[in-house]
Chemist: 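Provided herewith is a single structure, encoded as structure tokens, for subsequent inquiry.
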Amino acid sequence: MRAGGRYVLYWAQMNRRVESNHALAYAVEVANSLKLPVLFYEGLTCSYPHANDRFHTFLLEGVPGTARCLQRRGMGYVFHLRRCRTDPNDAFYRLAADAAAVVTDDYPVFIAHDHNRSVPNKLAIPYYAVDSSCIVPMGHFTKQEYAAYTIRPKIRKVLDECLQPVKIPHVRYRFTDVLPALHTPVTKSNITGLAAACQIDHSIPPSTEYRGGHDEAKRRLRYFLENNLRRYAKLNREPSAHATSGLSPYLHFGHISSLEVALAVREYAAEHKLIADEFLEQLIVRRELAFNFARFSPSLDSLDALPNWAQRTLAEHAGDRRDPAYTREQFEHAATHDALWNATQTELLTRGVIHGYYRMYWGKKILEWSATPEEALATMIYLHDRYALDGRDPNTYTNILWCFGLHDRPWSERKIFGKTRYMNLEGMKRKTDVDAYVQEIV
DNA sequence: ATCGGCTCGCGCAA
DNA sequence: TGCGCGAAGCCGAT
């Protein structure tokens, strides 16, 4: 290792948290063995796709808590905000120049995946990418899984040994340097101003419901445990009951780890004699199936990623007449004939998420009412990438492609859908309180 | 209210 | 090679 390094640099690309972070724990371990402190680096640019006030605000809201937590543990912190696209984008490399080693997040897709392939070649120091996104490390699975039933037994087998709290070692060498000039202090009161000063899309406001940060995630987790875990199995498909955890934005930004959630749920369930299987199925099996898909599928945003039967059947029905047929703009503005569908889209526009069950309906109807399956897929991805706090995530892409048959099975043939699963408004009315939801949203 | 059929293919048992 | 079964389905028959 390089002798001249002044610290070990942890680069928070996806997991923007201190607690329950395997990669940060590893950074401390490396630093302790090198007799060096740890510097935690987190950047925010204005050049990511669809950069807007909603995403910026959520992410900025996590920064003060991260700063507090790091200070308590004796680690340094640089949060670098790049306000304009013309600002230099070299904060990471400037910090890496004084580092003895870099530790960052292993991640299967998007920019972090690209970084983890290209950045090490530009550095003369060790570069470690550590998986702290999943409970069973992604590397445990050697192939693309076909569906939940194929990955479930493999997860079960190793789950107990993986469900262990992350132990961040005691920091032996505290970070005492003066913070580099690259740091942007963030407080509760300057977040709005910081977002406003950035060269991003200001037409999409912060979520009306979700404030970012690990503390807020923990508050929601606590609320879920005390009020909804016992109702979850029965009511997780009743959107008006608000029985779900609402943690998906926090999981997406890495403000909380699925491991921390799973451990808390398990403990609470044991203490109160509750069955948490349904929730843990979502949190672990479904989520890690999505990461497995992201890791092994050659593409995430194309119908090519679908199983053969689904590609075949959608192609056979590509020429079916669509009636009604809507454009992306009509979908975006929640301007269809269907009040429930419009409400789901309105929830996305205002809150930045759609309830998991209605999101299936949302997607199935976009498939039904778009000129082609390809156009439907592009519309869904666009709307999630732009508005969803849990968008741009392996889960999002997997959930969207599920609407086209991914990880699902064939059903009776019908128009447009072919053999992919069909959903309709009657079913939603039969099984959920559509009116209550529509009234709440509109 | 409840049930079987729809339809493909994975992975395990044999 | 055969066989059971699978994220949230619908639909018609009973």
Side-chain angles (χ1 to χ4, degrees), chain A residues 140-157 231-245 248 258 276-294 296-297 303 305-317 320 338 340-341 344 347 353-369 373 376 380 390 393-434 437:
Chain A
H140 178 76
F141 305 99
T142 53
K143 54 177 268 205
Q144 181 172 345
E145 296 293 336
Y146 187 74
Y149 75 91
T150 65
I151 200 172
R152 193 177 293 115
K154 296 178 189 175
I155 290 177
R156 285 241 172 94
K157 217 176 214 172
R231 310 197 300 151
Y232 183 84
K234 205 159 238 131
L235 292 174
N236 77 83
R237 285 184 222 168
E238 176 53 272
S240 63
H242 299 280
T244 55
S245 72
S248 65
S258 63
D277 293 4
E278 291 261 346
F279 181 77
L280 293 174
E281 164 80 10
Q282 306 298 321
L283 181 73
I284 304 175
V285 174
R286 303 306 317 185
R287 183 166 181 273
E288 304 204 355
L289 178 63
F291 275 83
N292 171 270
F293 170 70
F296 287 103
S297 175
L303 299 178
L306 297 174
N308 288 332
W309 69 265
Q311 290 192 48
R312 207 184 313 132
T313 196
L314 288 172
E316 279 168 12
H317 290 270
D320 292 0
D338 176 344
L340 172 59
W341 194 91
T344 63
E347 186 181 10
V353 297
I354 306 176
H355 186 282
Y357 191 44
Y358 280 165
R359 181 158 68 174
M360 304 295 158
Y361 179 75
W362 175 89
K364 287 288 184 185
K365 290 299 150 186
I366 293 180
L367 169 58
E368 186 174 352
W369 300 330
M380 289 188 214
D390 57 4
D393 188 281
N395 274 293
T396 316
Y397 283 79
T398 302
N399 289 333
I400 288 173
L401 282 165
W402 177 86
C403 298
F404 298 80
L406 179 68
H407 298 156
D408 203 7
R409 56 191 273 206
W411 302 87
S412 318
E413 185 113 14
R414 66 164 59 230
K415 280 177 66 183
I416 302 175
F417 289 86
K419 287 166 184 155
T420 63
R421 185 191 300 258
Y422 176 64
M423 293 174 81
N424 66 10
L425 182 56
E426 290 313 305
M428 295 297 103
K429 284 181 181 163
R430 202 161 53 238
K431 287 179 278 193
T432 70
D433 192 341
V434 168
Y437 173 80

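All values below come from the heavy atoms of this structure, side chains included, with hydrogens, waters and symmetry mates left out. Every value quoted in this text rests on a predicted model; they were computed, and no experiment measured them.
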Chemist: Under 3.5 Å for both distances, Watson-Crick or G-U wobble, that's the pair rule; now give the dot-bracket for DNA chain C, with | marking pairs to another strand and [ ] for crossing ones.
Modeler: ||||||..||||||
Chemist: Take the protein atom CG of A:Leu306 and the nucleotide atom C1' of B:dC8, then report the distance between them rounded to whole Å.
Modeler: 14 Å
Chemist: Between A:Tyr361 and A:Asp338, do the side chains contain an N or O donor and an N or O acceptor separated by less than 3.5 Å?
Modeler: yes
Chemist: Can you measure A:Tyr149 atom OH to C:dC3 atom C1' for me and round it to whole angstrom units?
Modeler: 12 Å
Chemist: Is the shortest distance from a Lys or Arg side-chain nitrogen in A:Arg152 or A:Glu281 to a carboxylate oxygen in the other one below 4.0 Å?
Modeler: yes
Chemist: So, is A:Arg430 near the phosphate of C:dC10, with a side-chain N or O under 4.0 Å from OP1 or OP2?
Modeler: yes
Chemist: Output the single nucleotide from B:dC8, C:dA7, C:dC10 whose closest atom is nearest the side chain of A:Asn424.
Modeler: C:dC10
Chemist: Does a side chain donor of either A:Ser412 or A:Tyr422 reach within less than 3.5 Å of an acceptor in the other side chain?
Modeler: no
Chemist: Scan A:Arg414 against the nucleic acid and name what it touches under 4.0 Å (heavy atoms): base, sugar-phosphate only, or nothing.
Modeler: sugar-phosphate
Chemist: Nearest 0.5 Å please: distance from the NZ atom of A:Lys154 over to the CD atom of A:Glu288.
Modeler: 13.5 Å
Chemist: Rounding to an integer number of angstrom, what distance separates C:dC5 and B:dA14 when you compare their P atoms?
Modeler: 14 Å
Chemist: Between B:dC6, C:dA7, C:dC11, which nucleotide gets closest to the side-chain atoms of A:Ala147?
Modeler: C:dA7
Chemist: Would you give the length of the straight line joining atom OH of A:Tyr357 to atom CE of A:Met428, rounded to the nearest 0.5 angstrom?
Modeler: 3.5 Å
Chemist: Out of B:dG11, B:dT7, C:dA7, which has the shortest distance to the side chain of A:Thr150?
Modeler: B:dG11
Chemist: Quick check for you: to the nearest 0.5 Å, what is the distance between A:Leu280 atom CG and A:Arg286 atom CZ?
Modeler: 14.5 Å
Chemist: Can you check whether A:Lys364 has a side-chain N or O nearer than 4.0 Å to OP1 or OP2 of C:dC10?
Modeler: no
Chemist: From the set B:dG11, C:dA7, C:dC10, return the single nucleotide nearest to any side-chain atom of A:Tyr422.
Modeler: C:dC10
Chemist: If you draw the axis of the six-membered ring of A:Trp402, does the NZ or CZ of A:Lys364 fall within 45° of it and under 6.0 Å from the ring centre?
Modeler: yes
Chemist: Quick check on C:dA7: is either OP1 or OP2 less than 4.0 Å from any side-chain nitrogen or oxygen of A:Arg152?
Modeler: yes
Chemist: Mind calculating the distance between NE2 (A:His355) and C1' (C:dA7) to the nearest angstrom?
Modeler: 14 Å
Chemist: Does A:Lys154 reach a base, just sugar-phosphate, or nothing at all? Heavy atoms under 4.0 Å.
Modeler: nothing
Chemist: Side chain of A:Arg312 only, please: which of C:dC10, B:dG11, B:dC8 is the nearest?
Modeler: B:dC8
Chemist: Rounded to the nearest Å, what distance is computed from the CG atom of residue A:Asp408 to the P atom of nucleotide B:dC6?
Modeler: 18 Å
Chemist: Taking B:dT7 as the reference, what is the distance to C:dG12 when you measure between their P atoms (whole Å, please)?
Modeler: 15 Å
Chemist: Among the candidates C:dA7, B:dC6, B:dG11, find the nucleotide nearest to the side-chain atoms of A:Gln282.
Modeler: C:dA7
Chemist: Quick one: A:Leu280 CG to C:dA7 P, roughly how many Å, whole number?
Modeler: 17 Å
Chemist: Work out how far the C1' atom of C:dA7 is from that of B:dA1, and round it to whole angstrom.
Modeler: 23 Å
Chemist: For A:Phe417 and B:dC6, what is the distance between atoms CZ and P respectively, to the nearest whole Å?
Modeler: 21 Å
Chemist: Is there a donor-acceptor pair under 3.5 Å between the side chain of A:Thr420 and the backbone N or O of A:Phe417?
Modeler: yes
Chemist: Looking for any heavy atom pair under 4.0 Å, which part of the strands does A:Trp309 touch: base, sugar-phosphate only, or nothing?
Modeler: sugar-phosphate
Chemist: How close or far is atom P of B:dG9 from atom CD1 of A:Ile151, stated in whole angstroms?
Modeler: 21 Å
Chemist: Indicate whether OP1 or OP2 belonging to B:dC8 is found under 4.0 Å from a side-chain N or O atom of A:Lys419.
Modeler: yes
Chemist: Can you tell me if A:Thr432 and A:Glu238 form a side-chain donor-acceptor pair at under 3.5 Å?
Modeler: no
Chemist: A:Ile416 has an atom CD1; how far is it from atom C1' of C:dC10, in whole Å?
Modeler: 16 Å
